[in-house]
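Please read the structure below before turning to the comments.
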Amino acid sequence: MKELTLKQIAAWCGGEVDAAFENLTVKNVQTDSRNVVPGDLFVALPGEKADGHTFVAAAADKGAVCALVSHDVQAAIACIKVPDTVRAFGDIAAGYRKELGIKVIGITGSVGKTTTKEMTACIMERTFRTTKTEGNHNNQLGLPMSILAMPEDTQLAVLEMGMNHFGEMTYLSSIAKPDVAIITNIGTMHIEHLGTRQGILEAKMEILKGMPETGIGVFNGDEPLLWNVRNDGGHKKYYYGIENHACDVIAGDIQELDDGMRFVVSGFGSQFELFVPVVGRHAVYDALAAVTAALLLGVKPEIIQIQFSSFRNTGMRQRIYEHNGMTIIEDCYNAGPESMEAALHVLGNYKTDGKRIAVLGDMLELGNRSSAEHYRIGRLAVANTDMLFTYGAHSVRTVTGAITGGMSLKNTEHFDSHESLAHVLKMRAAEGDVLLFKGSRGMKMEKVLEMFLEDVNETK
């Protein structure tokens, strides 16, 4: 982060700081006192389990220059006092984003945000000094963290922006002020809070509210809800797609290979072949979003091709690897109906002489659609799997869907614990099998995978 004075910071967030400390500078911002190093600003955030104000003294002992607080504290440290430290944290990030004068690409959508973010950053970094959201820092606290972590020489920031209630995206957009806003799709994630897919569309479209007049949208043109807003007033919108040939950027001649997707990109007067080392049709959409943004910002097709050749996805998102003769598709980070469907298609299309085994956890935040969506995924599993194992209260319906769809009772089973699922899976899986692990973040399906791999190691 660029060094900032307390006077600058206080001005950005409307805070009060003693005049004697105005010219002190900070080198970084921390919200966790355990991570404070000399020269930091410590932000005392309220929390359900602990209030950051109780750790101001600890931050001071570790060398923090200043604390952002909402009430007086007993600590020998300069303080900037504000009514609300969460809101002030966002205001500081907004001020820093403006101070750097950078380009920002904001990315939202029901599915594929993080992969699209990673792809976009990957193909931009050879042309621009690029920073990106790390991990899942995409909410009212994570977004400011990502912005304030940007080096002074940043030219382009690729920021993931997540929400699950109305108004949240408006707030994030007011901080990030994206020059380019990508919306990957409109699914059913968070429908419990937003009511309908139309409601989800409206909440996602809030990303445009903080954009400058010159800002542009990059939308999935195969999604009817997004296509239908193309003539709405306001910001210019560009579209990418596979089926909708009226889009600005189109993927054709799609080939699904063992190690990724190969297709031809046509758009903005260019046509070029692209290989993306991620399996599944959904990867083509994520890549098209990134490519469209890159072309709009002047990145040359040959650079896009080179950069994609070295792309690797992040975290627990569709990592495919071999272990003791079995193929593991690790996709445990999150799940909704659309991403679950895409993952099952990847499993179903995977070439193997062994069994295809789906290990699925609940899809959360679906409200009154939960039962129907879990049942539908069970029916879909029949065509793509040989065995189905599920975990979680909602996934009982997934098993029901599979059985009514024709899957044998002996090839599907529901479990109430990670341990029992991993134990049975160890007995049923064998060399040559392909196993998919997927579920919503709250289901922690990576624990099943860890236990399974430990069991396998112990028995080999």
Side-chain angles (χ1 to χ4, degrees), residues 103 105-109 111-128 130 132 156 158 160 178-186 215-224 226-227 230 235-314 317-318 320 338-339 342 345-346 349:
K103 289 281 188 184
I105 300 175
I107 301 174
T108 192
V111 180
K113 292 188 296 294
T114 302
T115 299
T116 301
K117 177 257 297 183
E118 293 292 327
M119 288 180 172
T120 304
C122 177
I123 61 179
M124 294 292 189
E125 62 188 12
R126 182 169 290 214
T127 306
F128 305 95
T130 302
K132 64 181 180 181
L156 175 72
V158 183
E160 182 177 334
D179 300 283
V180 179
I182 296 174
I183 302 183
T184 61
N185 45 49
I186 304 297
I216 56 177
V218 172
F219 297 168
N220 184 338
D222 286 352
E223 165 51 64
L226 286 170
W227 182 250
R230 66 191 182 281
H235 300 91
K236 175 69 176 174
K237 304 173 185 67
Y238 295 91
Y239 286 85
Y240 61 89
I242 298 173
E243 307 296 340
N244 182 355
H245 287 203
C247 289
D248 301 284
V249 179
I250 301 166
D253 299 328
I254 299 172
Q255 304 172 58
E256 183 162 350
L257 309 175
D258 290 343
D259 56 348
M261 307 297 291
R262 189 179 301 280
F263 53 96
V264 175
V265 176
S266 301
F268 302 130
S270 296
Q271 186 173 80
F272 55 97
E273 188 176 82
L274 192 62
F275 173 74
V276 177
V278 182
V279 178
R281 193 176 178 88
H282 61 285
V284 179
Y285 282 109
D286 296 340
L288 281 178
V291 167
T292 303
L295 291 173
L296 286 166
L297 292 183
V299 180
K300 297 184 181 303
E302 55 267 31
I303 297 298
I304 294 172
Q305 291 171 315
I306 292 169
Q307 291 301 98
F308 259 120
S309 67
S310 62
F311 175 75
R312 296 293 179 270
N313 216 340
T314 185
R317 295 169 177 84
Q318 203 195 86
I320 302 178
E338 294 79 18
S339 65
H345 283 309
V346 170
N349 290 327

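Residues take their numbers from the sequence shown, with the count starting at 1. When reading the values below, keep in mind they use all heavy atoms of this one structure, side chains included, and skip hydrogens, waters and symmetry mates.
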If you define the side chain from C-beta out and look only at heavy atoms, does anything of [X] sit under 4.5 Å from [Y]?
| X | Y | value |
| --- | --- | --- |
| Ile182 | Thr108 | no |
| Leu226 | Ile186 | yes |
| Val278 | Met119 | yes |
| Arg262 | Glu273 | yes |
| Thr127 | Leu297 | no |
| Asn220 | Ile183 | no |
| Glu256 | Val279 | yes |
| Val180 | Val218 | yes |

[X] side, atom [atom1]; [Y] side, atom [atom2] - distance, nearest 0.5 Å:
| X | Y | atom1 | atom2 | value |
| --- | --- | --- | --- | --- |
| Phe128 | Ile105 | CZ | CD1 | 8.0 Å |
| Ile123 | Ser309 | CD1 | OG | 12.0 Å |
| Cys122 | Ile306 | SG | CD1 | 11.5 Å |
| Ile107 | Lys132 | CD1 | NZ | 11.0 Å |
| Glu338 | Thr184 | CD | OG1 | 10.0 Å |
| Leu156 | Met124 | CG | CE | 6.0 Å |

Inset, instruction - Evaluate the side-chain contact (heavy atoms from CB on, under 4.5 Å) criterion for residues Val291 and Leu274: first the C-alpha distance (whole Å), next the side-chain angles of each, then the deciding distance (0.1 Å), finally the verdict. - result: CA-CA 10 Å; Val291 167; Leu274 192 62; 3.8 Å; yes
Inset, instruction - Begin from the C-alpha positions of Val265 and Ile250 and carry the test side-chain contact (heavy atoms from CB on, under 4.5 Å) through to its verdict. - result: CA-CA 6 Å; Val265 176; Ile250 301 166; over 6 Å; no
Inset, instruction - Give me the one residue out of Thr116, Asp222, Thr115 that meets side-chain hydrogen bond (donor to acceptor under 3.5 Å, both in side chains) with Tyr285. - result: Asp222
Of the non-hydrogen atoms in [X] and [Y], which two are nearest, and what is the gap between them?
| X | Y | answer |
| --- | --- | --- |
| His282 | Ala342 | ND1-CB, 3.7 Å |
| Gln271 | Ser266 | NE2-OG, 3.0 Å |
| Cys247 | Gly221 | SG-CA, 3.6 Å |
| Leu295 | Gly267 | CD1-O, 4.4 Å |
| Ile304 | Ala294 | CD1-CB, 4.0 Å |
| Pro277 | Phe308 | CD-O, 3.3 Å |

Inset, instruction - Answer yes or no: is there a donor N or O on one side and an acceptor on the other, between the side chain of Asp248 and the main chain of Tyr239, under 3.5 Å? - result: yes
Inset, instruction - Taking Lys113 for its side chain and Gly109 for its backbone only, find out whether a donor-acceptor pair lies under 3.5 Å. - result: yes
Legend entry - Listed partners of Tyr238 passing ring-ring contact (aromatic ring centres under 6.0 Å, His included), at least two apart: Phe268
Inset, instruction - Start with the C-alpha distance between Val276 and Val284, add both sets of side-chain angles, then the distance that settles side-chain contact (heavy atoms from CB on, under 4.5 Å), and finish with yes or no. - result: CA-CA 8 Å; Val276 177; Val284 179; over 6 Å; no
Inset, instruction - Determine, stepwise, if the pair Lys117 / Thr120 fulfils side-chain contact (heavy atoms from CB on, under 4.5 Å). - result: CA-CA 5 Å; Lys117 177 257 297 183; Thr120 304; 5.8 Å; no
Inset, instruction - Sorted by first residue and then second, give each side-chain hydrogen bond (donor to acceptor under 3.5 Å, both in side chains) pair with at least one member in residues 295-307; sequence neighbours left out. - result: Arg126-Gln307
Inset, instruction - Kindly write out the residues that satisfy side-chain contact (heavy atoms from CB on, under 4.5 Å) with Asp259, not counting sequence neighbours, or none if the list is empty. - result: Leu257, Phe275
Legend entry - Salt-bridge criterion met for Glu243 and Arg281 (N-O under 4.0 Å): yes
